[in-house]
Student: 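Attaching a single structure in structure tokens format; questions to follow.
Throughout, protein chains are lettered first and strands after them, A, B, ... in sequence-line order, and every chain is numbered starting at 1.
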There are 2 protein chains.
Amino acid sequence: MTKNKLEITDTTTGEKIKEAARKVFTKKGYAATRTRDIAEEAGINLALLNYYFRSKEKLFDIVMRENMQQLLIGLRSVLYNETTTLLHKIKAIVSNYINLLRKHPDLPLFILSEIKANPDKFAMNIGARTLLLKSHFFKQVKETGKGKINPIQIIINIIGLTVFPFIASPLLKHVGDLNQKEFDALMKERKKMIPIWINGMLKVK
Amino acid sequence: MTKNKLEITDTTTGEKIKEAARKVFTKKGYAATRTRDIAEEAGINLALLNYYFRSKEKLFDIVMRENMQQLLIGLRSVLYNETTTLLHKIKAIVSNYINLLRKHPDLPLFILSEIKANPDKFAMNIGARTLLLKSHFFKQVKETGKGKINPIQIIINIIGLTVFPFIASPLLKHVGDLNQKEFDALMKERKKMIPIWINGMLKVK
DNA sequence: ACCTGTTTTAATCAATTGATTAAATTATTT
DNA sequence: AAATAATTTAATCAATTGATTAAAACAGGT
């Protein structure tokens, strides 16, 4: 069985390890993760981790690359669509990301922590820069704010308003006295509100 | 010299260790920090760390407590001032925090990461909840948004718009192609803009 | 100068951690 | 079935890590 018996849920040993690694890395971060935790989570012998992925770091690189990939999938098609309004794009971006983050709430804190811990490692990605800066979306932000506002500020606000509550969720739940259900309801409401708020910013002055 | 020769900059051995620990912990996080890194940064023998603070964790607890303290200092006097307008309070909060974060840019990511890594440890702080929820500031947010908007959403937005850029700064600098100077200019501009943006949100609908 | 308590140092410990090895088991090919 | 290749396991390694110890250096009081 070297190649696919159509692998019912593609549950190769390698795949099991990778998914276990994603879970543990994302929850605890690279430094706090023990390869033995990953092995246990995957239900495999520790040595198999090195057999399939050479090292903890190589495994991490693969998981992280896929995680970042996931955040960019589908973004290009929105950013570069020349047939939709700016407001429509903002609604799509915010809605898609909040849906994604409700499924993977600790993705942003994980990614931002690891970028900070090792900025050089992620410096390569010149593609992410042009993806945004050359987009139809960015042009629309520029001309809608026509000189009044730096478009980067608007970008920061869209991402910040969308992502921040998930980054700070333990804190917000505590000081706001919210359970998971109430927090979820807030995030659902934000899907509607953030585009309205951003729209307001674009009309300031 | 058992007690103060007025300690020119209070540079006790214990203080040197604590400040070195603050620097290393804040930069690398608890898990990635080695007690030997702290000792080297402080220029002291490793054993002195345990002599003065018993353990890595106890030292961390002290540093973290002080860090969180720093974020709350001066907040109460703003939140509970019954003589100022809501807009005035928002300006004060945003301005104070951006000033603080420009001096200590990796404080928020550090704190939020550690809270997520160990939520129980920080669960005690029932004081932080009432500090916000019982404040004159919170009442003003409630009545200004009069039923139209959940005040918690406004709180999230104020904190998010203020703090998020610092959390995501390596990413923002990269995709926005910003150097430190340009990033700083953006943060300066946000001191003016965030209160305006929040004001707009309070008037939505 | 001598004693006493505090601070500092070098050496060391036990536990943990990422990784490897050699043998075993299992699958595939001939 | 035999041979070969791939996968899995248990045992072990060397390096790192947080912490401790016993001795040395230092200070203040008498």
Student: Rounded off to whole Å, could you give me the CD-to-P distance for the B:E57 and D:dG18 pair?
Tutor: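 Distance check: B:E57 CD to D:dG18 P gives 12 Å.
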Student: Just checking, is any N or O donor in the side chain of B:K191 or B:S95 under 3.5 Å from an acceptor N or O on the other one?
Tutor: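 The answer is no; no qualifying pair exists.
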Student: Looking at C:dG18, does its base get a donor-acceptor pair with the side chain of A:R34 below 3.5 Å?
Tutor: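 Result: no qualifying N/O pair found.
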Student: Calculate the interatomic distance between B:K56 atom NZ and C:dA15 atom C1'; express it in whole Å.
Tutor: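 Atom-to-atom, B:K56 to C:dA15, this comes out as 14 Å.
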Student: How many whole angstroms separate atom OH of B:Y51 from atom P of D:dA22?
Tutor: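 It is 16 Å, rounded to the nearest whole Å.
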Student: So, is B:T13 close to the C:dT8 phosphate, meaning a side-chain N or O under 4.0 Å from OP1 or OP2?
Tutor: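 True: B:T13 side-chain N/O within range (under 4.0 Å) of C:dT8 OP1/OP2.
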Student: Phosphate oxygens OP1/OP2 of D:dG18: is one of them under 4.0 Å from a side-chain N or O of B:S55?
Tutor: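 Result: no.
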Student: Side chains of B:D184 and B:Q180: is there a donor and an acceptor less than 3.5 Å apart?
Tutor: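 Yes, a side-chain donor-acceptor pair sits under 3.5 Å.
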Student: To the nearest Å, give me how far apart CG (B:N50) and P (C:dT12) are.
Tutor: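 Distance, rounded to whole Å: 18 Å.
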Student: Does the side chain of A:Y52 get closer than 4.0 angstrom to OP1 or OP2 of D:dT8 through an N or O atom?
Tutor: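 Yes, A:Y52 has a side-chain N/O under 4.0 Å of OP1/OP2 on D:dT8.
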Student: Say whether B:K28 and B:T33, considering side chains only, have a donor N or O and an acceptor N or O under 3.5 Å apart.
Tutor: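 Judged by distance alone, the side chains do not pair up.
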Student: Answer yes or no: is there an ion pair linking A:E41 with A:K27, defined by an N-O contact shorter than 4.0 Å?
Tutor: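 Looking at A:K27 together with A:E41, the answer is no, because their closest N to O distance does not fall below 4.0 Å.
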Student: Students often get this wrong, so: under 4.0 angstrom with heavy atoms, is B:L46 touching a base, only sugar-phosphate, or nothing?
Tutor: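 Base, at least one base heavy atom under 4.0 Å.
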Student: I need the CD-C1' distance between A:E40 and D:dT9, as an integer number of Å.
Tutor: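 Taking CD of A:E40 and C1' of D:dT9, I get 16 Å after rounding.
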Student: Can you check the B:D37 CG to D:dT17 C1' distance for me, whole Å?
Tutor: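 After rounding, the reported distance stands at 11 Å.
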Student: In this structure, how many angstroms lie between the P atom of D:dA19 and the CD1 atom of B:I38, rounded?
Tutor: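 From B:I38 CD1 to D:dA19 P: 10 Å.
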Student: Which nucleotide in the list D:dA10, C:dG18, C:dT6 gets nearest to the side chain of A:N45?
Tutor: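 Nearest nucleotide to the side chain: D:dA10.
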Student: C:dT17, D:dA19, C:dT6: which one has an atom nearest the side-chain heavy atoms of A:R36?
Tutor: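 Output: C:dT17.
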Student: Which nucleotide sits closest to the side chain of A:T35: C:dG18, D:dA19, D:dT8?
Tutor: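 Minimum distance to the A:T35 side chain belongs to C:dG18.
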Student: Determine whether the aromatic ring centres of A:Y30 and A:F60 lie less than 6.0 Å apart.
Tutor: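 A:Y30 vs A:F60: aromatic centres under 6.0 Å.
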Student: Could you check how far CD1 of A:I17 sits from C1' of D:dT9, rounded to whole Å?
Tutor: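 Distance, rounded to whole Å: 13 Å.
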